[in-house]
Amino acid sequence: MFERLHFAKREDKPSDKSLNAALVYGWLIIAGVMLVGYVFESLNGEQTDSYLLYFSLVMVVPAVVGFIIYHIRPLWFYLRYVVLVGYMIMYVFVMFTSNTTLVFTYIIPMMILIVLYHDIFMVVVAGITTLLINGASIFIRATSGEINSHNVKEVEIQVALLVFCIIGSIVGARIYSIIDENNTRSKENMQQMTIATIQTIANTIDAKDEYTQGHSRRVSDYSKSIAKELGYSDQEVEDIKFIALLHDIGKIGVPDSVLNKPGKLTDDEYQLMKNHTIIGADILKDIGMIHEIDVGAKYHHERYDGKGYPDGLEGDEIPKIARIIAVADAYDAMTSTRIYRNRLEPGIVMEEIEKGLGTQFDPEAGAAMLRLLREDRLISEEHYEEPKEVREATELLSRVMEKQEEQLANNYMHDELTGAYNRNYGLKLLQETTRQGQGTLFIFDIDQFHVVNETEGYMVGDIYLQTVSKLIQSFREKGIVARFGADEFVAVFPRVITPEHATRMAEKFRDKLNAKKNEQVALGKLNVSIGIAMIDHEKEEFNVVYERADKALYVAKHQSEDCYYIHWRGQDEIDRQEKASADLRALVSVLKNRKRDSGGLEVDLPAFTTMLNYITDVAERNHQHVRLLLFTLMSDTEHKVSVDETDRVMTILERAILKSIRSVDATTKYSATQRIVLLLNMDEEQVHVVTDRIMMEFYKMYDKKQIAIHYDSADLSNN
């Protein structure tokens with residue numbers, strides 16, 4: 001109980017601030033109440049003005065001194081004793097000068113306040129001092145004859161109340177002390193568990209990369225050393241230590257094949273690696289146990305000159321913690337053997353850090369690291385032994401992750417929510433099925449799906465997806481069904497080989513969907529648009545058929561919600577397309593056999609000739625490709641299209657082309673129903689992007705279905 005009966009030096013703790021505030025402000029309130037009381041007594045003639053003045057000085061001066069000390073040093077451990085001494089000075093004064101009967105009770109509020117400190121020594125000292133003061137007061141009153149047989153009972157009550165108050169304060173302080181010790185112990189245990197958890201996670205992350213064992217712990221040690229060198233407080237240093245431990249947590253989302261790849265990373269692989277900063281920040285963003293715990297993970301690859309990632313922050317825009325970790329991370333990378341190089345010599349490492357001051361590294365953090373290295377003060381436990389619990393937890397977590405990866409590998413074929421094939425595996429099956437040369441490809445797209453998620457909730461959105469998937473898979477014409485996006489399913493049905501059959505299936509799907517909507521109120525807003533394309537011939541590429549179906553879906557969505565549209569090349573259309581292709585071949589032959597600067601072509605397009613000569617000259621000098629596109633209007637045989645309508649559609653096509661191509665490209669009219677486009681230095685994939693954009697822009701502006709667009713392309717380059 002009396003473990004604090006000494007004046008050993010105590011450290012100032014953040015928790016003392018609130019206690020000191022309660023004591024100081026409580027004292028001010030007590031002083032204010034008592035001063036008001038004595039003012040009224042003075043006004044009633046019970047006290048003289050001079051007494052009121054002395055009382056004010058004895059009361060207010062110590063209180064103000066304590067208040068000033070608190071605001072200068074709010075965490076000071078010994079402030080409680082200053083306040084207690086000042087209060088006792090006031091208590092002695094009133095005990096020996098006041099004529100108020102209950103003056104002895106003035107100690108009770110202070111005893112209640114100091115219980116908050118659960119400091120047994122302070123409570124005992126205050127209690128003994130109070131008893132001595134009251135004993136002296138009783139002795140003086142007894143010798144002066146104020147105490148006699150008539151009022152001795154009051155003195156006994158006074159002493160009894162004080163004794164009970166002091167004993168109660170001691171008991172209360174002890175109980176409070178036990179509770180506080182238990183809370184502190186629980187907090188320490190929780191902190192130890194948190195630390196062990198952080199260490200376990202850091203070890204597990206490092207274990208993914210066979211060349212970075214211990215990397216997170218070393219970066220944590222180096223960051224701690226730099227923070228100390230920069231004058232951070234003990235608490236800030238501890239926080240930076242744990243933030244640095246988790247700086248690479250985002251690598252949990254990077255495939256092992258990328259982390260441990262021996263050769264140079266591709267652009268896509270490098271982007272995956274860079275994404276670990278975003279992934280890490282996303283994992284840690286809602287964790288509140290350490291302030292700014294996500295900062296290190298997100299910004300430790302930012303550069304002081306603004307050339308880092310993920311946000312390209314510059315200078316002071318980068319959080320200071322991240323700037324410290326960036327130096328520590330780079331130092332460990334340079335002094336460790338990595339899959340792509342051996343460790344660097346200490347002298348070279350210091351040169352690199354010095355060279356990077358103000359560009360790669362924060363000048364202050366980098367300079368602090370250099371001082372630590374030159375003076376051999378960098379803290380790093382080279383032979384650090386992890387606690388047994390941490391080692392076992394790391395092994396357990398690693399096993400769990402391995403099992404999870406195995407489970408994902410076992411289930412990688414199917415989308416967990418809908419039961420359809422997932423995109424990656426489904427694409428392989430769809431490609432194989434398409435190459436068989438017959439069947440129909442359907443794209444089922446849920447209309448306004450994002451609105452449903454936002455207004456109805458994601459649970460309703462999940463029900464929509466599951467319903468659509470089940471309806472597609474319920475067709476007796478069995479096919480390959482894959483979920484291709486958040487709201488899109490793609491299916492190939494090999495036995496559906498005619499447009500009439502495809503139409504019946506689309507109608508049947510709509511009937512089934514409407515029946516489901518009538519059965520379940522929750523499906524009331526579920527509408528599905530369908531794009532359909534026929535597979536024309538053997539070995540046709542999936543992406544070609546998918547493009548046609550996607551264009552059909554675009555048309556369906558622009559008609560209204562819950563519609564379908566079939567992109568089918570019948571024999572008449574095939575004949576017309578063959579003719580358009582023949583036109584292209586003839587045009588290419590003329591262009592390739594032309595004489596330079598002849599002034600014109602057989603097609604009588606002199607401006608086009610000049611433009612072509614210029615573009616091909618530029619392309620040849622720069623070893624670039626020139627690609628020619630020929631767009632042809634294809635009218636539906638069931639509709640007779642007027643000349644005016646054809647001209648209108650050609651104008652729409654021209655606008656769509658001009659809106660979609662670059663300033664270095666060119667276009668001209670070739671015939672009443674055809675238009676030429678020249679594209680400079682584009683590969684086939686880029687050409688597909690441009691043609692898709694032109695088609696999309698065209699169908700945005702063209703509101704009828706009487707005319708379709710066909711295009712062919714050719715390479716005009718000499719090579």
Side-chain angles (χ1 to χ4, degrees), residues 18-72 74 76 78-117 119 122-141 144 146-147 151 154-155 157-170 172-173:
S18 58
L19 293 176
N20 287 343
L23 187 63
V24 169
Y25 286 103
W27 183 17
L28 287 174
I29 292 171
I30 295 170
V33 171
M34 292 177 63
L35 190 60
V36 170
Y38 275 81
V39 167
F40 278 108
E41 288 186 4
S42 178
L43 292 175
N44 293 332
E46 299 175 19
Q47 300 287 356
T48 64
D49 292 340
S50 58
Y51 180 84
L52 179 61
L53 176 62
Y54 294 138
F55 174 78
S56 300
L57 290 174
V58 173
M59 171 71 74
V60 173
V61 171
V64 171
V65 170
F67 183 78
I68 292 172
I69 294 174
Y70 167 74
H71 280 278
I72 294 174
W76 193 34
Y78 296 107
L79 179 60
R80 65 193 73 177
Y81 298 118
V82 172
V83 172
L84 186 59
V85 169
Y87 196 89
M88 285 302 178
I89 293 172
M90 181 275 299
Y91 190 64
V92 169
F93 177 81
V94 295
M95 280 297 298
F96 291 102
T97 61
S98 176
N99 55 9
T100 304
T101 307
L102 296 177
V103 69
F104 74 91
T105 62
Y106 290 178
I107 194 62
I108 294 177
M110 180 53 63
M111 295 294 291
I112 293 173
L113 284 173
I114 63 177
V115 166
L116 294 174
Y117 287 91
D119 188 332
M122 185 165 65
V123 174
V124 170
V125 169
I128 293 173
T129 304
T130 301
L131 289 175
L132 291 174
I133 293 170
N134 279 267
S137 173
I138 292 169
F139 177 77
I140 293 172
R141 288 166 61 197
S144 63
E146 291 183 31
I147 300 175
N151 59 8
E154 294 177 3
V155 175
I157 293 173
Q158 174 182 339
V159 174
L161 281 175
L162 287 173
V163 170
F164 283 133
C165 176
I166 293 167
I167 293 174
S169 298
I170 293 172

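- The shortest side-chain heavy-atom distance between I157 and L161 falls under the 4.5 Å cut-off.
- For the pair G127 and I166, the tightest heavy-atom approach, listed with the atom from each and the gap, is O-CD1, 3.2 Å.
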Quiz item: What's the verdict on side-chain contact (heavy atoms from CB on, under 4.5 Å) for V163 and L131, showing C-alpha distance, side-chain angles and the deciding distance?
Solution: CA-CA 8 Å; V163 170; L131 289 175; 4.3 Å; yes
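- The distance from atom CZ of F164 to atom CD1 of I167, rounded to the nearest 0.5 Å, is 7.0 Å.
- A side-chain donor-acceptor contact under 3.5 Å links Y81 and D119.
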Quiz item: Should L113 and I30 be marked as a side-chain contact (heavy atoms from CB on, under 4.5 Å) after you check the CA-CA gap, both sets of side-chain angles, and the distance that decides it?
Solution: CA-CA 11 Å; L113 284 173; I30 295 170; 4.1 Å; yes
Quiz item: M110 and V83: side-chain contact (heavy atoms from CB on, under 4.5 Å), yes or no, with the steps?
Solution: CA-CA 10 Å; M110 180 53 63; V83 172; 4.2 Å; yes
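- Side-chain contact between I138 and V159: present, with at least one pair of heavy atoms (C-beta onward) separated by less than 4.5 Å.
- Taking 4.5 Å as the limit, every side-chain heavy atom of H71 sits out of range of all side-chain heavy atoms of V24.
- Applying the side-chain hydrogen bond (donor to acceptor under 3.5 Å, both in side chains) test to S144 and every residue at least two apart in sequence or in another chain returns nothing.
- Few gaps surround CZ on F96; more than 12 heavy atoms of other groups in view lie less than 6.0 Å from it.
- If you take CD1 on I114 and CG on L84, they are separated by 5.5 Å, rounding to the nearest 0.5 Å.
- Considering CG of L162 and CZ of F104, their distance stands at 6.0 Å, rounded to 0.5 Å.
- Residues M90 and M34 meet the side-chain proximity criterion, which asks for heavy atoms closer than 4.5 Å.
- Between the CD1 atom in I133 and the CD1 atom in I107 there is a gap of 7.0 Å [rounded to 0.5 Å].
- Within the model, atoms OG of S18 and CG of L23 stand 11.5 Å from one another, a figure rounded to the nearest 0.5 Å.
- Note: F55 and F93 have tilted aromatic rings, judged against thresholds of 30 and 60 degrees for the angle between ring planes.
- Proximity of V82 to W76: side-chain heavy atoms (C-beta onward) are separated by under 4.5 Å at one or more points.
- For the residue pair Y91 and T130, no side-chain donor N or O sits within less than 3.5 Å of a side-chain acceptor on the partner.
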Practice problem: Walk me through it: do V64 and L28 pass the test side-chain contact (heavy atoms from CB on, under 4.5 Å)? | Solution: CA-CA 8 Å; V64 171; L28 287 174; 5.5 Å; no
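- Between L79 and G66, the shortest heavy-atom distance links the atoms CD1-O, 4.0 Å.
- For S169 (side chain) and C165 (main-chain N/O), a donor-acceptor pair under 3.5 Å exists by modelled atom type.
- The side chain to side chain donor-acceptor pair (under 3.5 Å) analysis of residues 158-168, with sequence neighbours excluded, yields the pairs N134-Q158.
- Taking the side-chain hydrogen bond (donor to acceptor under 3.5 Å, both in side chains) definition, one finds that T129 meets it with nothing, sequence neighbours left out.
- By the 4.5 Å heavy-atom criterion applied to side chains, N20 and Y117 are counted as neighbours.
- R80 places none of its side-chain heavy atoms less than 4.5 Å from the side chain of L19.
- Aromatic pair Y106/Y87: ring centres not closer than 6.0 Å.
- The shortest side-chain heavy-atom distance between P62 and W27 falls under the 4.5 Å cut-off.
- Residues A126 and M111 approach most closely at CB-SD, 3.8 Å, considering heavy atoms.
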